[in-house]
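Input: a single structure, listed below in structure tokens.
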Amino acid sequence: MAKIYLNPERCIGCRSCEVACEREHGHPRISVGTVSDLAAVPLYCHQCDAAPCAAVCCTGSLRQDGDMVKFNPDLCTLCGLCLVACPFGAIELDSMVQRCDMCGNGTPVCVTTCPAEALVLGDVDVVTRSTRARAAAVLAARLR
Amino acid sequence: MSARTPTVCPYCAVGCGFYITRSGIEYMQDHPVNEGSLCPKGNAALDVLNHVDRLRYPMMRIGDGWIRVSWEEALDRLAEEMKRALREMGPKSIAFLGSAKCTNEENYLFQKIARLVGTNSIDNSARRCHSPTIVALRRMLGTPAMTNPITDLALSDCILLIGSNLAENHPVVARWILRARDRGAAVIVADPRVTPTAWLADLHLQLNPGTDIALINGMINVILREGLENRSFIKERTGGFEELDVSDYTPDRVSSITGLSAGDIVRAARLYAKSSASTIVYCMGITQHTCGTDNVTACANLALICGQIGRPGAGILPLRGQNNVQGACDMGALADFYPGWRSVDDSREIDELRRLWNAGALPVGRGLTADMMPDADLRFLYVMGEDIVNSDPTVSRRRGKLKRCFMVVQEIFMTDTAKLADLVLPAAAWAEKEGTFTSTERRVQWVSRAGEPPGEARPDIWILAEVAARLGFDFPSEPEEVLAEINQAVPAYRGISRRNAGARGGIIWPCPHPDHPGTPVLHAERFSTPDGRARISPVHHTPLERTSPEHPLILLTGRVVLHYNSGSMTMRSEGLVKREPEMHVDVNPDDAARFGVADGDTVVVETGWGRARARARVTPRQKRGTLFMPFHFPETNLIASELLDRNAMMPELKIAACRIGRAD
């Protein structure tokens, strides 16, 4: 299944993904961390295959469902374990647990809105293949 | 009305398309420039439309308060005051400020009113962004505009970005630069600051502020010494090369002026000259200097001697600021140009307009530019969609003087400028009216109405036609009819219609006839100068000792990604304001230690023009010896320089000598 992959080299730190996600969901589920003012990295849910958030969830509110982690707010006790368990800090609490739901009917809004194409949606082999193609083009250009 | 209405973003000049739906924004994936993407401001664009602060009724000043009046009363009063000023003091006593955020049709009618009542004192905010571009590129290339479309950047093999922080100011342009990098293009960024744009660079030239000419001439020196210039292009397509003497600008000397290593200057020169297609992108870091016109000239010289112009991926790209700043200038909302770039000094060219407008005589010679208006003896000032108090330093400091004249402000919000007015007219915002906007790449796009303006607010075009009628002129009030007149007045727009401008992505001028596909790349065969050749013109670095013991630092100004110009729109978007809530000043850690400033302190920054408070942000990305303040907050304008580039009447907003200290 397609997931959102990040190319941190491309991110220009504009925070468009945050504003778009907030517009869609009322609360942003992606945030751009700027490190020492020298680089920016969007932090968001990677739909981990072995998801720590689902592993620590006592009620089954968060559970692995195929390639995605699904959230059922009816079972959530707001215990907050998932917030800390997520290695990216991608889950927040704003009266209810806020986490990525792969919105946008196919392509999440953060991916479409990204001016720099730093966020891409795709299967892992498609994404790595295009990364390889890009790297090869750059190396070839240097040899010219 | 259909479920979704295509529109063009009202913020910067990139011209991104999106749809307005009942529930909000829908991305437009087949738009040629943004391909669905939007920057944070674009994502927040709808916040202004139904904002509670929108002006809803015409208002007239009575003493220190306001009363609501009818349109009839407001328009009658406006006409009466304008006629009184004309009768008692003549056309010299009235002035107009057009808007780079209004449509082409509105700016065309606005300047036509000014000219028909006898004055060239009509200007717009282009004065403060690209007036040096207008002077230099018109003289050298014939057309004062971007030579290539934005998407062409992806075809470049070397991109030189100088004085542009496009990753924050025109984020979608970064998309096309990254595409070029994917193909192995070299990106060179010349900027004193480490910006997100500099993150894109293979080579970041962190030059001293105000040394751009030295850098460019140094690159030309290397190119000529190594024989990398394009001899056949120089011979066949240009004139003036023999006068270009840059022998003084050796890498070593340029190194001492710019603070760059000689090796980096040589490397930049070779990358630019040897690539099969190179592009120069520049912005206000080049133009907002007392030597702004010379800075632009230097950039164009570099492109011309290398023949890096007139081909896909090779050109000069001045990025314009506002969504219709190119169009407002094309329409002649400028003190020195009539519509179609006809000089106010050329009575022969003006004569064509005199016949078209059926006018007796039209004013000749440059009128008052924006910065001259506060000090002029004005009786009547008509401001359409400009917050001059928060964007023009001269006006900020001398706003009291404007109160001596009768001032009309046509706006969507009660800006600080509107607060000074005698009459405030509520206008429709971009998505509540129809007409064309011209983006930075000369792309003319028709915008459809997606909703109704609030209260009694009206499209500017309706207001202007009503004003004109009261002055005895019969103006069309439908955008399509006005566009038909623009076809006659502006040669580059001759074939532009609602049909081709309304198609996805619109049409890029020049478009000489209705079936013409538009002209994305200029100067392919010949330049648009009278003899078809480009003019190479020597320019030189003037050393200016700006700092002093009293003002030991250099203040740089610019923008941040989450705000836009004077902030009248973005400061009303909750999602933007909470991410960038207050005035800050970036300080290098060494300077912070030297002047006893810590991160988070409230500090006072003082120049020869004034003092301002801000929150200090200590960051290694700020170059030592410089400070940075964004100009979206009123304080920055209060301390910006008033020195002018006399060629273009551009104020030197970019740099000023200053000092910093803790507020207590």
Side-chain angles (χ1 to χ4, degrees), chain A residues 7-28 30-42 94 103-121 130-144, chain B residues 14 16 18 24-29 34-44 46-47 157 166-168 170-186 194-200 202 274-276 561-562 573-576 578-580 586 617-622:
Chain A
N7 182 345
E9 260 197 22
R10 294 181 96 87
C11 179
I12 54 173
C14 76
R15 303 173 79 181
S16 182
C17 51
E18 284 181 26
V19 177
C21 184
E22 182 170 300
R23 187 166 55 69
E24 188 73 18
H25 300 102
H27 183 94
I30 183 166
S31 63
V32 181
T34 303
V35 182
S36 305
D37 282 348
L38 297 174
V41 183
D94 178 46
C103 67
N105 269 337
T107 308
V109 292
C110 55
V111 173
T112 311
T113 201
C114 180
E117 299 177 285
L119 297 170
V120 288
L121 181 81
S130 74
T131 304
R132 278 196 296 275
R134 247 191 347 254
V138 171
L139 285 172
R142 295 285 183 270
L143 295 174
R144 268 206 306 265
Chain B
V14 174
C16 299
F18 63 88
I25 283 177
E26 189 183 314
Y27 297 126
M28 185 185 282
Q29 312 239 14
N34 60 310
E35 300 181 323
S37 70
L38 285 180
C39 78
K41 295 180 286 277
N43 270 293
L46 302 189
D47 293 0
D157 290 321
L166 59 89
E168 295 203 68
H170 309 88
V172 169
V173 177
R175 184 183 194 88
W176 301 96
I177 292 172
L178 285 158
R179 294 259 179 101
R181 281 194 56 183
D182 290 347
R183 293 173 33 257
V194 182
T195 61
T197 309
W199 300 347
L200 304 173
D202 297 281
K274 285 184 178 176
S275 116
S276 58
V561 66
L562 292 158
S573 274
E574 195 192 328
L576 301 177
K578 73 179 178 199
R579 289 180 169 80
E580 194 74 62
D586 288 348
R617 275 206 319 217
V618 177
T619 162
R621 90 181 202 189
Q622 191 62 31

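Lettering of chains follows the sequences in order, A, B, ..., and the numbering in each one begins at 1.
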Taking all non-hydrogen atoms of both residues, which atom of A:Val32 and which atom of A:Glu18 are closest, and how far apart? N-OE2, 2.7 Å
Measure the shortest side-chain to side-chain distance between A:Glu117 and B:Leu178 over non-hydrogen atoms and say whether it is less than 4.5 angstrom. no
Most chain A-contacting option - heavy-atom pairs closer than 4.5 Å, from B:Ala174, B:Ala167, B:Pro196, B:Ser573: B:Ala167
Can you tell me which portion of A:Cys114 sits under 4.5 Å from chain B's heavy atoms? Options are side chain, backbone, both or neither. backbone
Quick one: closest heavy-atom pair of A:Ile30 and A:Leu119, and the distance? CD1-CD1, 3.9 Å
For A:Glu9, I'd like to know if atom CD has over 12 heavy atoms of other residues, nucleotides or ligands within 6.0 Å. no
Checking heavy atoms, do the side chain of B:Asp586, its backbone, both or neither come under 4.5 Å from chain A? neither
Check B:Val14 against B:Val173 and note the closest heavy-atom contact, atom names and distance. CG2-CG2, 3.8 Å
Check each atom of B:Lys578 against the heavy atoms of chain A and say whether the ones under 4.5 Å are side chain, backbone, both or neither. side chain
Using non-hydrogen atoms and a 4.5 Å limit, figure out which bit of B:Ile177 sits close to chain A: side chain, backbone, both or neither. neither
When B:Arg579, B:Glu168, B:Lys41 are compared by non-hydrogen pairs under 4.5 Å with chain A, the top option: B:Arg579
Look only at the side chain of B:Arg175 and the backbone of B:Pro171, and say whether a donor-acceptor pair between them is shorter than 3.5 Å. no
Does any backbone or side-chain atom of B:Asp182 lie under 4.5 Å from a heavy atom of chain A? Answer side chain, backbone, both or neither. both
Name the region of B:Leu562, side chain, backbone, both or neither, that has any atom closer than 4.5 Å to a heavy atom of chain A. side chain
A:Arg15 bridged to B:Glu580 by N-O distance under 4.0 Å: no
So what's closer than 4.5 Å to chain B heavy atoms on A:Glu24: side chain, backbone, both or neither? neither
Is A:Ala133 in contact with chain B via its backbone, its side chain, both, or neither, using a 4.5 Å heavy-atom distance? neither
Proximal component of A:Arg23, with respect to chain B [non-hydrogen, under 4.5 Å]: side chain
Side chain from CB out, backbone as N, CA, C, O: work out which of these in B:Arg181 comes under 4.5 Å of a heavy atom of chain A, or both, or neither. both
Residue among B:Leu200, B:Thr197, B:Thr195 satisfying side chain to side chain contact (heavy atoms under 4.5 Å, CB included) with A:Ile12: B:Leu200
Minimum-distance pair of heavy atoms, taken over all atoms of A:Ala20 and B:Tyr27: CB-OH, 3.3 Å
Taking side chain as everything from C-beta outward and backbone as N, CA, C, O, which of these in A:Val109 sits under 4.5 Å from a heavy atom of chain B? Side chain, backbone, both or neither. both
Given heavy-atom pairs under 4.5 angstrom as the criterion, report whether the side chain, backbone, both or neither of A:Cys17 touches chain B. neither
